[in-house]
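Throughout, protein chains are lettered first and strands after them, A, B, ... in sequence-line order, and every chain is numbered starting at 1.
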There are 2 protein chains.
Amino acid sequence: MDATLELVLERGFGGTAVTDIEAAAGLSPGSGSFYRHFRSKREVFEAVFERELDRARRHRTGFERGPVGGAAEAALTRRLLEQLDYLAAIRPLIMLLAREHGRFPELTARVREALLDGGIADEAAHLARDLDGAPGDEPLRDDPHAVTAVVVSALTGYHLSREFFGRPPAGVAPERFAAALAALLAARND
Amino acid sequence: MDATLELVLERGFGGTAVTDIEAAAGLSPGSGSFYRHFRSKREVFEAVFERELDRARRHRTGFERGPVGGAAEAALTRRLLEQLDYLAAIRPLIMLLAREHGRFPELTARVREALLDGGIADEAAHLARDLDGAPGDEPLRDDPHAVTAVVVSALTGYHLSREFFGRPPAGVAPERFAAALAALLAARND
DNA sequence: GTCTATAAAATGATAGAC
DNA sequence: GTCTATCATTTTATAGAC
């Protein structure tokens, strides 16, 4: 499964032959030994996908929660970096979706359910709520769902830009990026 | 070439047979008529990629420029929507990169040069500059490159989330998204 | 659980008639 | 510029020995 994941991320499902998987897994290429473990190429792909989905679900626990007190902006920055780390951790799942959502349309809904509905968007919403709950702040005068969308988009965009282009947007490192985003968010209730 | 683009975006290069391309182009499948137009499958892929790269380059002209005056936030919102439209227009190029940058590593630098170095990042930088030059504003007290990175990330992230997940983050429509981002940017010099 | 051997189909590509 | 026909290779998958 590790060999399959690596090859599919590099060449795609259609560009990966069972022979390649056997070779990468240390089996004799073309021997058909693969078929003692999985009944078809599709089956191993689905197994890999399920494994990565499970990993992603298990990974999202223990995020910091609660009102952002004291040095609000620094705390915010820390949480945003945490979310970037999460995205990095579930990289395989995101890349599997990016590569094969055309051939396996069912991936879309499954990843969305695991990531968006209960993942970053959730965290970003908490974040926005926590921020608004900070002592001394007035209630929101802007659109909280839209702010959540901006935060989620910025985080995923930053991650994907690094993945696809091999470097972060404008060459800005994660810490600088998170600090700038936190500053924008903190200033919005001034 | 149209048939090839569509098939490659859906199934990937390795998952698209020359036979499929022939069928989609209205030729007799398996006839080899494809080879009267291109010498190999790789060649048609490269032709498609170059065509989309060219289209993307030609498309980015006529963006609004200059100091954001008057209703600064509304003007900003308009420009951000313009950038989202641009991303939608060059969708094929972005998706080709997302799908095949593993198999054709040379795509990365070429798309980056066309999009990031002279594209959105450039526009975002102008945007930040124009915003700071607005009459009555004080000079920037934050990190302009990092703010640019946030804007680029937010725009690309919003676009890619819609592509990969089939819906915008938090269900927020483009207008709401752009308005929220503009509000965050406009508030940062208060 | 791996190997050799092999079958059946799909795939990339060419030759030559129309 | 398309078709029929064809070929060599690659690919998916199975059978059976060890």
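A salt bridge links B/D54 with B/R57: the distance from a Lys NZ or Arg NE/NH1/NH2 to an Asp or Glu carboxylate oxygen falls below 4.0 Å. B/R78 and B/E82 are not joined by a salt bridge, as no carboxylate oxygen comes within less than 4.0 angstrom of a charged side-chain nitrogen.
For B/S31, whose side chain is taken as the heavy atoms from C-beta onward, the closest listed nucleotide among D/dT12, D/dT4, C/dG12 is D/dT4. Distance from the side chain of A/L27 is smallest to C/dC3 among C/dC3, D/dA13, D/dT2.
When ring centroids are compared, B/F49 and B/F104 stay outside the 6.0 Å threshold.
Put simply, CZ on A/F45 is 18 Å from C1' on D/dT12, counting in whole angstrom units. Here the P atom of nucleotide C/dA10 and the NZ atom of A/K41 are 14 Å apart, to the nearest Å. Rounded to whole Å, the distance from CZ on A/R39 to C1' on D/dA13 is 13 Å. Between the P atom of C/dA13 and the CD1 atom of B/I21 lies a distance of 10 Å, rounded to the nearest Å. Between the CZ atom of A/F38 and the C1' atom of D/dT12 there is a distance of 16 Å, given to the nearest Å. What separates CD of A/E22 from C1' of C/dT4 is a distance of 13 Å, to the nearest Å.
When each of B/H37 and A/F34 is assigned the nucleotide of DNA chain D bearing its nearest heavy atom, the one mapping closer to the 5' terminus is B/H37. For the pair A/V18 and A/R36, nearest-nucleotide mapping onto DNA chain D gives the more 5' position to A/V18. Where B/G32 and A/G26 meet DNA chain C, the nucleotide closest to each residue was compared, and A/G26 sits on the side nearer the 5' end.
A/Q83 contributes no side-chain N or O that, together with a main-chain N or O of A/L155, makes up a donor-acceptor pair within less than 3.5 Å.
Contact of the A/R91 side chain with the A/L9 side chain is registered, since non-hydrogen atoms from C-beta on lie closer than 4.5 Å.
Of the side-chain N and O atoms in B/Y35, none sit less than 4.0 angstrom from OP1 or OP2 of C/dT14. Contact annotation: B/S33 side-chain N/O to D/dG1 OP1/OP2 distance is not under 4.0 Å.
Residue B/S28 is in sugar-phosphate contact alone, with no base atom involved, counting any heavy-atom pair closer than 4.0 Å across all strands shown.
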